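These notes are about the structure you will find just below.
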Amino acid sequence: MTRNLQTIGFDADDTLWHNERFFKLTQARFAELLADHADCETLDARLLDSERRNIGHYGFGVKGFVLSMIETAIEVTGGKVPASVISELLNAGQELLAHPLELLPHAEDTVRAMAESHHIVLITKGDLLHQERKLAQSGLGDLFDAVEIVSDKTAQTYARIFGATPGGTAGAMMVGNSMKSDVVPAIEAGGWGVFVPQELAWGLEHADAPESARFRVLDDLGGLANLVCEIG
Ligand SMILES: [Mg+2]
């Protein structure tokens, strides 16, 4: 008997391991360094604008984030930001890249269990080297049948990746913390989308929940095995 669900795609950042909390800490340091020039709220808003403008140039990840912080620092100081501040921002970026990996609750058990029964794929965006390093640190790399580090996550991305798996897109499920990048486009491509929200979310990852019979929400990854069993 063929199962409904044959492939499970996992997002990485803030689905399998912590990510956004380290960006938020760096952003707090950024606000501290520029406190004489703008308040925290203004800095957050200007930085988000800069990140939005820069995504198309730099892609997702720490490098683009650091360049956006520098750009914002130049803007809010009217071009007078001291080199010492730029240097601190570069250091903060290096620390962000070097931060030890912390798996989220149930991530390891769930990935191990799903690897036994299903074709599993890691699908993540971000800086290539950084994502490869985090996956190596996670100790989960060998469990995945495939790892896809992509420049963006659109319906086309999921159609391409899931289309090449045993059950095609209809037999695939994407699990992640971003409604915009993980859930909505996977459903658009014809698969299932499972939203596992995290407390902290990046301002550019928000989207409305889709109205679809293939949409599910879980509190954490601990509920995934049951959901997969229900779908069959
Ligand atoms: Mg994520």
Side-chain angles (χ1 to χ4, degrees), residues 7-27 47-48 51-52 54-55 58-65 68 96-97 99-111 114 120-141 143-144 146-158 161-162 172-189 191-210 215-224 227:
T7 300
I8 299 171
F10 286 93
D11 167 54
D13 289 337
D14 292 310
T15 297
L16 298 181
W17 51 68
H18 283 290
N19 178 65
E20 190 60 29
R21 62 155 69 159
F22 305 126
F23 276 81
K24 290 280 191 277
L25 286 173
T26 307
Q27 205 166 326
L47 178 58
L48 193 63
E51 288 182 276
R52 190 180 285 117
N54 287 332
I55 284 288
Y58 308 135
F60 296 88
V62 173
K63 278 184 290 184
F65 177 63
S68 296
L96 199 49
L97 285 170
H99 206 284
L101 186 111
E102 287 176 39
L103 286 173
L104 280 157
H106 308 291
E108 180 165 3
D109 293 352
T110 303
V111 170
M114 293 299 110
I120 64 167
V121 188
L122 185 85
I123 307 171
T124 179
K125 58 189 184 186
D127 292 324
L128 180 61
L129 283 175
H130 191 207
Q131 294 297 345
E132 285 178 343
R133 208 161 48 230
K134 285 192 280 190
L135 183 60
Q137 279 179 28
S138 75
L140 303 177
L143 296 168
F144 289 96
V147 173
E148 298 274 354
I149 302 172
V150 296
S151 57
D152 202 0
K153 289 169 158 180
T154 63
Q156 287 74 16
T157 314
Y158 292 110
I161 295 169
F162 290 144
M173 165 190 277
M174 183 64 192
V175 181
N177 73 305
S178 169
M179 196 70 93
K180 184 168 180 236
S181 297
D182 301 318
V183 177
V184 171
I187 291 173
E188 256 175 55
W192 296 77
V194 180
F195 183 47
V196 190
Q198 278 297 306
E199 196 182 336
L200 298 172
W202 183 36
L204 299 187
E205 293 290 0
H206 295 297
D208 291 333
F215 169 58
R216 295 288 189 283
V217 181
L218 290 176
D219 289 340
D220 60 50
L221 285 177
L224 188 67
L227 174 62

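Since this is a predicted model, take the numbers as computed values, not measurements. Atoms within a ligand are numbered from 1 in the order they appear, just like the ligands themselves.
Here the OG1 atom belonging to T157 is positioned 8.5 Å from the CD1 atom belonging to I123, to the nearest 0.5 angstrom. The structure places CD1 of I8 at 5.5 Å from CG of L224, a figure rounded to the nearest 0.5 Å. Rounding to the nearest 0.5 angstrom, the gap separating the OG1 atom in T124 from the NE2 atom in H130 is 10.0 Å.
Closest N/O/S atom of D13 to the Mg ion (ligand 1): O.
At a cut-off of 2.8 Å, E205 is not counted among the residues with an N, O or S atom near the Mg ion (ligand 1). For N19, every N, O or S atom stays at 2.8 Å or more from the Mg ion (ligand 1). Under 2.8 Å from the Mg ion (ligand 1) lies an N/O/S atom of D11, whether from backbone or side chain.
Ring-plane geometry between Y158 and F162 is classed as parallel, the angle between the planes falling under 30 degrees on a 0 to 90 degree scale with a further cut at 60.
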